Every structure is written in C-alpha cells, then in structure tokens.
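Have a look at the structure below, then the notes.
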Amino acid sequence: MGCCPKHSGGQEAPVPEEWWLRVGRAPEQLRRRLDVAFGAEEGRGPGVRREFFQVAVRAFLASFFVPTERTRTYWFSDVDRPEGYFALGALLGHAVLHDVLIPNAFPSTLFELLLRDIGSASATRALGLSDLAAASPAEADSLRCVLDHQGADIGAHFGDLGWERTNRLRGEALSQATKELFVSVYIDWSLGEKIARQFGPLSAGFRAVLGSSVMVQRMVDAPQLERIVCGGEAGAWGRGRDRRRW
C-alpha cells in the first residue's frame with residue numbers, strides 16, 4: 001500500500017482528492033451515484049467502479065495515514081490537507097451508497113467516531129482504552145501501565161507522558177487518586193483534539209453523503225457500520241438493499 005497505486009491501464013493513479021470537485025460539494029450533488037471511467041479507457045460499470053474505490057482508498061492510505069502498530073490497520077498522520085480528508089469521507093459514504101466493499105484498513109475506532117459525530121443514537125458510550133488501543137496501541141499500552149501501577153511513586157514514573165497536551169489537567173497532579181481521570185482525559189484528547197484537523201473534514205465528507213441516512217443515524221452501531229463498509233456479515237441490514245433510499 002505504500003507504493004503509488006495503478007489502475008488497470010498500468011498508469012499511475014494520483015491521490016484522488018479532487019474527484020469530488022467534479023461533482024461539487026453541494027449535498028445533492030455529492031449524493032449522486034458515480035459514473036467511473038479510467039482516463040481514455042472504455043470500460044464502465046460495477047467492476048470499474050469497484051476498482052476505482054480500491055485504487056482511491058489505497059492512494060489515500062499512502063498519502064494521509066500511517067500504519068498502526070500490531071493491528072495491520074491505518075490511523076491519521078499529521079498531514080494537514082482538509083480537502084483530501086473530506087474527499088475520503090465522501091468516498092466512504094459512497095462505498096455504502098454503491099454497495100462496494102473497501103479495504104478493511106481502518107480500526108473500529110474510526111467507525112465509532114463517525115457515528116458519534118453524526119449524532120447516532122448508538123454512539124452514546126464514553127470512549128475507552130480499547131478504542132485507543134485499536135487506533136494507537138503504543139499510547140494505550142502506556143496508559144494501561146499507568147492504571148496498573150499501584151505505588152505512591154506513580155507521578156515520578158509516569159508524570160512525563162505528555163499530559164499537558166490535553167490542556168485539561170492544569171493544577172492536577174498524577175496520583176493514585178487521579179490516575180483514572182488522567183487516563184480518561186488523555187483518551188478523549190488523543191481521539192479528539194489531537195486528530196481534529198484530519199478527522200473533522202473526513203467526518204464532514206461522510207456526513208455530506210450519508211448525514212440524512214436513517215440507517216446510519218438510528219439503526220446501526222459501529223461494528224455493523226464497519227461490516228457494511230468493509231465487508232463481513234452485514235447483519236440484519238443485508239448488502240443487497242438499494243442504499244439510495246437510506
């Protein structure tokens with residue numbers, strides 16, 4: 001995935017962050033079904049459309065994401081290209097509209113965050129250590145060590161983990177009494193403010209396509225949304241439905 005993807009004609013496929021410009025950013029335009037063709041090639045139809053989604057997602061992964069440790073998935077890099085992230089979010093929405101499976105390259109945390117941002121009734125629980133572990137195992141390991149440490153010297157051992165970056169712990173000292181607060185605040189920061197410049201536009205693109213979807217807002221939880229987008233059993237929702245009605 002690190003190399004530049006190529007389509008069936010053998011030519012290099014650029015990062016497709018401008019594809020949405022061809023249809024515009026107005027919601028009614030973004031929701032139109034895609035008619036995909038590669039350059040001067042004559043082929044069209046579902047097969048070509050599936051190839052486009054595969055090529056596009058891999059290009060986005062190579063340019064905007066980094067591999068996560070141990071999970072074989074990808075998480076946000078520090079690249080600041082909001083229009084590119086918006087385009088990927090719209091692409092994820094279109095994967096649902098077009099009944100196309102994309103590479104299962106994102107941790108389950110991404111789908112939880114998308115549902116939370118769209119106001120889903122299923123995304124009401126607080127984010128926890130398992131959500132961070134799926135996206136950033138190394139950070140989660142450090143926080144787990146904090147929670148497991150029982151000594152009064154916890155501040156000396158873990159006081160330099162970058163707690164100040166959260167901007168919410170000023171005046172607080174890490175201790176046995178406050179360690180759960182420190183960990184909770186850090187998780188919220190790492191899955192929120194830390195990635196806001198990347199996740200914000202991605203979520204906006206996703207909402208532009210599926211924000212009015214009753215299914216997404218009320219009927220699926222994060223694991224079900226992940227299966228719909230990336231494959232596996234789709235549960236009660238079925239992959240054969242015409243998602244344009246959703």
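Predicted, not measured: the structure shown is a model, and the values here were computed from it. Residue indices begin at 1 and follow the sequence shown. Computed over heavy atoms, backbone and side chain alike; hydrogens, waters and symmetry mates excluded.
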- Query: Under 4.5 Å between any side-chain heavy atoms of Asp141 and Arg144, yes or no?
  - Reply: yes

- Closest non-hydrogen atom pair, Ala135 against Pro107: CA-CG, 4.1 Å

- Output yes when a side-chain donor or acceptor of Thr68 lies under 3.5 Å from a complementary backbone atom of Thr73, and no otherwise. yes

- Flag side-chain contact, heavy atom, 4.5 Å: Val229 against Leu101: no

- Examine Phe76 together with Phe65 and report whether their ring centres are nearer than 6.0 Å. yes

- Message: Checking Leu202 against Phe64 for the side-chain contact (heavy atoms from CB on, under 4.5 Å) test, could you report, in this order, the C-alpha distance in whole Å, the side-chain angles of both residues, the deciding distance, and whether it holds?
- Response: CA-CA 11 Å; Leu202 184 150; Phe64 298 142; over 6 Å; no

- Task: Report yes if the side chains of Thr109 and Leu132 come closer than 4.5 Å at any heavy-atom pair, otherwise no.
- Result: no

- Counterpart residues, side-chain contact (heavy atoms from CB on, under 4.5 Å), relative to Ser184 (two or more places apart): Asp188

- Query: Among side-chain atoms of Thr178 and Glu172, is any donor-acceptor pair under 3.5 angstrom?
  - Reply: no

- Point-to-point distance, once rounded to the nearest 0.5 Å, from CG of Asp99 to NE2 of His94: 14.0 Å

- For Val220 and Ser122 the tightest heavy-atom approach is O-OG, 3.2 Å

- Query: Taking the side chain as C-beta and beyond, is there a heavy-atom pair between Leu91 and Val57 under 4.5 Å?
  - Reply: yes

- Can you check salt bridge (Lys or Arg N to Asp or Glu O under 4.0 Å) on Lys194 and Glu139, steps first, answer last? CA-CA 13 Å; Lys194 181 182 178 182; Glu139 284 185 303; 3.0 Å; yes

- Note on the structure: Here the gap from Ser136 atom OG to Asp131 atom CG, rounded to the nearest 0.5 Å, amounts to 12.5 Å

- Item | CA sep, side-chain torsions, deciding dist, call: Tyr85, Phe60, ring pair (Phe, Tyr, Trp, His ring centres under 6.0 Å) | CA-CA 8 Å; Tyr85 285 109; Phe60 280 120; 8.2 Å; no

- Reported OG-to-CG distance for the pair Ser63 and Leu88, which is rounded to 0.5 angstrom: 11.0 Å

- Task: Take Leu147 and Leu143, measure what side-chain contact (heavy atoms from CB on, under 4.5 Å) needs, and give me the verdict at the end.
- Result: CA-CA 6 Å; Leu147 293 176; Leu143 296 183; 5.8 Å; no

- Message: Restricting to non-hydrogen atoms, name the atom on Ala208 and the atom on Phe86 that form the minimum distance, rounded to 0.1 Å.
- Response: CB-CZ, 4.1 Å

- Message: What I'd like to find out is whether the side chain of Leu169 reaches to under 4.5 Å of the side chain of Glu164, using heavy atoms alone.
- Response: no

- Can you tell me if CZ on Arg72 sees more than 12 non-hydrogen neighbours from other groups inside 6.0 Å? no

- Task: May I ask you to check whether Gln54 and Arg58 show a side-chain donor-acceptor distance below 3.5 Å?
- Result: yes

- Query: Between Ile102 and Cys230, is a side-chain contact (heavy atoms from CB on, under 4.5 Å) present by the stated rule, with each step listed?
  - Reply: CA-CA 5 Å; Ile102 67 166; Cys230 299; 4.0 Å; yes

- Under 3.5 Å donor-acceptor, Trp163 side chain and Phe158 backbone: yes

- Message: Does this structure show an ion pair linking Lys179 with Asp148, if we count only N-O contacts that are shorter than 4.0 Å?
- Response: no

- Message: Taking the side chain as everything from C-beta on, heavy atoms only, tell me whether Phe106 gets closer than 4.5 Å to Leu61.
- Response: yes

- Message: Could you work out, with side chain to side chain donor-acceptor pair (under 3.5 Å) as the rule, every residue matching Ser108, not counting sequence neighbours?
- Response: none

- Item | Set of side-chain contact (heavy atoms from CB on, under 4.5 Å) partners for Asp80, sequence neighbours left out | Pro82, Arg197

- Flag if over 12 foreign heavy atoms under 6.0 Å of CZ, Arg218: no

- Check: Thr166 side chain, Val185 main-chain N or O, donor-acceptor pair, under 3.5 Å: no

- Task: Kindly state each residue pair satisfying salt bridge (Lys or Arg N to Asp or Glu O under 4.0 Å) with at least one member in residues 154-163, sequence neighbours excluded.
- Result: none

- Item | Val214 backbone acceptor or donor facing Gln217 side chain under 3.5 Å | no

- Message: Within the structure provided, determine whether Asp78 and Val66 are in side-chain contact (heavy-atom separation under 4.5 Å).
- Response: no

- Item | Residues in side-chain contact (heavy atoms from CB on, under 4.5 Å) contact with His157, at least two apart in sequence or another chain | His149, Asp153

- Query: So Arg165 and Trp189, side-chain contact (heavy atoms from CB on, under 4.5 Å) or not? Walk me through it.
  - Reply: CA-CA 8 Å; Arg165 291 177 292 180; Trp189 170 79; 3.8 Å; yes

- With a cut-off of 6.0 Å (strictly less than), are more than 12 heavy atoms of other residues, nucleotides or ligands near CD of Glu180? no

Name the atoms and distances for all side-chain donor-acceptor pairs under 3.5 Å in residues 110-119, with sequence neighbours left out.
residue	atom	partner	partner atom	Å
Arg116	NH1	Arg125	O	2.8
Asp117	OD2	Ser203	OG	2.5
Asp117	OD2	Arg207	NH1	2.9

